[in-house]
2 protein chains.
Amino acid sequence: MKLTEARQQFISSWGAFGTHWGINRTMAQIHALLLVSPDPLTQDDIMEELNISRGNTNMNIRELINWGLVDRVLITGERKEFFSAEKDIWKVVKQIVKERKKRELEPMLHLLDRLEAVEGDKKDKQVKTFVDTISSIKKLGKQADKTLDSMIKAEESWFVGALMKVFK
Amino acid sequence: MKLTEARQQFISSWGAFGTHWGINRTMAQIHALLLVSPDPLTQDDIMEELNISRGNTNMNIRELINWGLVDRVLITGERKEFFSAEKDIWKVVKQIVKERKKRELEPMLHLLDRLEAVEGDKKDKQVKTFVDTISSIKKLGKQADKTLDSMIKAEESWFVGALMKVFK
DNA sequence: CTATATTTTCAATAATTTTTGAAATTTCGA
DNA sequence: TCGAAATTTCAAAAATTATTGAAAATATAG
């Protein structure tokens with residue numbers, strides 16, 4: 001397979017992959033493009049390569065910057081802004097975990113705290129099932145929260161080596 | 001907070017949560033409803049409780065059954081089908097991990113295998129960056145794959161206790 | 001400061017995904 | 001086997017989400 005074709009396949013699959021994870025196709029494609037680009041790209045480079053409009057490109061680049069996955073790069077002598085993606089995949093994963101934990105897991109845990117305190121008699125089957133369900137989700141969620149915190153702090157080499165031993 | 005309100009909040013939040021994970025709102029809401037229902041429900045119960053159409057209800061129940069999160073339950077003396085959700089949250093998480101691994105991670109790893117074999121001179125910066133990116137994603141992906149395999153086999157009690165020690 | 005290049009915004013449009021509801025099919029008791 | 005109840009299907013409509021493109025805002029060179 002030729003490089004051009006391989007790049008296209010990667011970009012398109014990364015885009016499709018993203019949609020399964022609540023990330024829009026274009027954002028994932030821009031990310032993929034920057035991942036396989038040795039040098040920083042401008043907005044125009046990205047527009048041209050992916051055949052998307054200026055507005056779309058701009059919005060999604062900014063979103064990637066918000067996620068901490070892409071950086072603005074200043075190149076001396078150039079007026080335009082350049083963009084480059086973090087290439088260390090372990091850092092990328094940790095960054096995504098960190099953001100999603102903050103945006104989704106933590107608010108969910110706070111909600112569960114409030115819901116667990118529902119009024120009513122625990123002998124009522126409805127109440128009991130509700131409280132039991134909420135409690136068990138909360139318990140697992142809190143555990144996941146702690147585990148992810150540790151993961152965010154961990155080194156890849158450590159992760160790759162040590163985790164396998166634990167999970168036997 | 002009253003039970004009715006708490007249930008509604010849970011169902012609605014679980015639905016919103018799902019949309020961030022590529023699961024449609026209704027499917028997540030049906031799942032939430034079944035999670036907090038002590039007894040199995042019929043399609044009509046679900047339609048009424050969530051105010052959704054018969055077709056929508058039917059399709060999403062079927063999808064939940066495909067995911068292995070909901071079971072058809074036969075109740076003697078009743079003609080209608082009843083549905084109930086797996087209540088053990090650890091089993092639910094393992095089931096979701098198992099399915100997503102099969103549907104998303106594994107195909108992605110196969111693609112990466114093919115893409116890694118791109119033609120071209122590794123001294124070419126474009127080629128080198130491409131291959132390096134693909135390789136590092138593949139490496140982490142394979143590691144995640146193994147780790148998830150072990151997790152799928154693990155007991156919750158073990159997970160909760162032991163994992164924390166590892167992640168310091 | 002001015003002119004121009006560049007970036008950002010956002011209302012309108014397009015594309016995609018979800019939902020409906022009625023018709024077709026299947027199931028099962030009598 | 002028949003007929004009513006239950007389930008499934010799926011084309012059309014609605015809702016949601018993504019994309020465009022042009023105008024506004026901003027930044028910078030001269």
Side-chain angles (χ1 to χ4, degrees), chain A residues 11-34 40-67 69-84 103-104, chain B residues 11-34 39-67 70-84 103-104:
Chain A
I11 290 167
S12 130
S13 307
W14 203 247
F17 200 63
T19 60
H20 288 127
W21 292 85
I23 289 154
N24 87 52
R25 188 176 309 269
T26 301
M27 184 170 151
Q29 288 186 349
I30 294 175
H31 187 223
L33 173 60
L34 291 173
L41 301 181
T42 63
Q43 232 175 235
D44 291 274
D45 294 333
I46 295 168
M47 284 167 62
E48 196 183 328
E49 188 98 37
L50 301 180
N51 271 290
I52 54 178
S53 71
R54 184 171 302 284
N56 194 9
T57 307
N58 190 272
M59 280 177 139
N60 286 108
I61 289 176
R62 262 178 311 102
E63 195 59 10
L64 284 164
I65 293 175
N66 283 344
W67 275 82
L69 300 175
V70 164
D71 286 326
R72 239 178 265 271
V73 174
L74 294 174
I75 294 196
T76 42
E78 290 280 3
R79 173 123 175 223
K80 287 186 176 179
E81 291 179 335
F82 285 74
F83 301 95
S84 101
R103 296 173 190 210
E104 296 158 31
Chain B
I11 289 167
S12 130
S13 306
W14 203 246
F17 200 63
T19 60
H20 288 127
W21 291 85
I23 289 154
N24 90 50
R25 189 176 310 269
T26 302
M27 184 170 150
Q29 288 186 349
I30 294 176
H31 187 224
L33 172 61
L34 290 173
D39 302 308
L41 301 182
T42 63
Q43 240 180 227
D44 291 275
D45 294 333
I46 295 168
M47 285 167 61
E48 196 183 329
E49 187 100 34
L50 302 179
N51 270 291
I52 55 179
S53 71
R54 183 171 303 283
N56 194 12
T57 306
N58 189 272
M59 280 176 142
N60 283 297
I61 289 177
R62 231 120 298 281
E63 194 60 11
L64 284 164
I65 293 176
N66 283 344
W67 275 82
V70 164
D71 286 326
R72 229 183 276 268
V73 173
L74 295 175
I75 294 196
T76 41
E78 290 279 3
R79 170 119 178 229
K80 285 187 178 180
E81 290 179 337
F82 285 73
F83 301 95
S84 100
R103 297 173 191 209
E104 296 157 30

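Keep in mind that the numbers below use all heavy atoms, side chains included, and drop hydrogens, waters and symmetry copies. Note on naming: letters A, B, ... go to the chains in the order of the sequence lines (proteins, then strands), and numbering restarts at 1 for each one.
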Problem - Minimal non-hydrogen separation, B/Thr57 against B/Ile30, with atom names - result: O-CD1, 4.1 Å
How would you list, by chain and number, every residue that makes a side chain to side chain donor-acceptor pair (under 3.5 Å) with [X], sequence neighbours excluded?
X: A/Glu81; answer: A/Arg72
X: B/Asn24; answer: B/Asn60
X: A/Asn58; answer: A/Gln43, A/Arg62

Handout entry: Heavy-atom contact window of chain B on DNA chain C, given 5' to 3' at under 4.0 Å
Key = C/dT18 to C/dC28
Length of the line joining [X]:[atom1] and [N]:[atom2], which is rounded to integer Å:
X: A/Met47; N: D/dT19; atom1: CE; atom2: C1'; result: 12 Å
X: A/Arg62; N: D/dT19; atom1: CZ; atom2: P; result: 14 Å
X: B/Asn60; N: D/dT8; atom1: CG; atom2: P; result: 13 Å
X: B/Gln43; N: D/dA5; atom1: CD; atom2: P; result: 16 Å
X: A/Ile61; N: D/dT19; atom1: CD1; atom2: P; result: 14 Å

Handout entry: Touch class at under 4.0 angstrom, heavy-atom based, for B/Glu81 against every strand present
Key = sugar-phosphate
Problem - Residue pair B/Leu41 / B/Phe83, side-chain heavy-atom distance below 4.5 Å - result: no
Exercise for the section: Decide side chain to side chain contact (heavy atoms under 4.5 Å, CB included) for A/Met27 and A/Trp67; before the verdict, give the C-alpha distance in whole Å, the side-chain angles of both, and the deciding distance to 0.1 Å. Expected result: CA-CA 11 Å; A/Met27 184 170 151; A/Trp67 275 82; 3.5 Å; yes
Exercise for the section: Decide side chain to side chain contact (heavy atoms under 4.5 Å, CB included) for B/Gln29 and B/Arg25; before the verdict, give the C-alpha distance in whole Å, the side-chain angles of both, and the deciding distance to 0.1 Å. Expected result: CA-CA 6 Å; B/Gln29 288 186 349; B/Arg25 189 176 310 269; 3.8 Å; yes
Exercise for the section: Going 5' to 3' through nucleotides 21-30 of chain D, assign each nucleotide B (protein heavy atom under 4.0 Å from a base atom), S (under 4.0 Å only from sugar-phosphate atoms) or - (no protein heavy atom that close). Expected result: B-----BB--
Exercise for the section: Hey, could you give me each pair passing salt bridge (charged side-chain N to carboxylate O under 4.0 Å, His left out) that has a residue in residues 44-57 of chain B? Not counting sequence neighbours. Expected result: B/Arg7-B/Glu49, B/Asp44-B/Arg54, B/Asp44-B/Lys80
Exercise for the section: Pull out every residue in residues 12-28 of chain A that has a heavy atom closer than 4.0 Å to any atom of DNA chain C, ordered by number, or say none. Expected result: none
Report all side-chain donor-acceptor pairs from residues 12-22 of chain A shorter than 3.5 Å, counting only partners two or more places apart or in another chain.
residue : atom : partner  : partner atom : Å
A/Ser13 : OG   : A/Gln9   : O            : 2.8
A/Thr19 : OG1  : A/Ala16  : O            : 2.5
A/Trp21 : NE1  : B/Glu104 : OE1          : 2.8

Problem - Interatomic spacing from CG in A/Leu69 to CD in A/Glu63 - rounded to 0.5 Å - result: 10.0 Å
Problem - Stems involving DNA chain C, each a run of at least 3 consecutive Watson-Crick or G-U pairs under 3.5 Å - result: C:1-30 with D:1-30
Exercise for the section: I would like to know whether A/Asn56 and A/Leu50 meet side chain to side chain contact (heavy atoms under 4.5 Å, CB included); could you show each step before the answer? Expected result: CA-CA 11 Å; A/Asn56 194 9; A/Leu50 301 180; over 6 Å; no
Handout entry: All side chain to side chain contact (heavy atoms under 4.5 Å, CB included) counterparts of B/Ser84, not counting sequence neighbours
Key = B/Pro40, B/Val73
Exercise for the section: Could you list the residues that satisfy salt bridge (Lys or Arg N to Asp or Glu O under 4.0 Å) with A/Arg103, not counting sequence neighbours? Expected result: A/Glu99
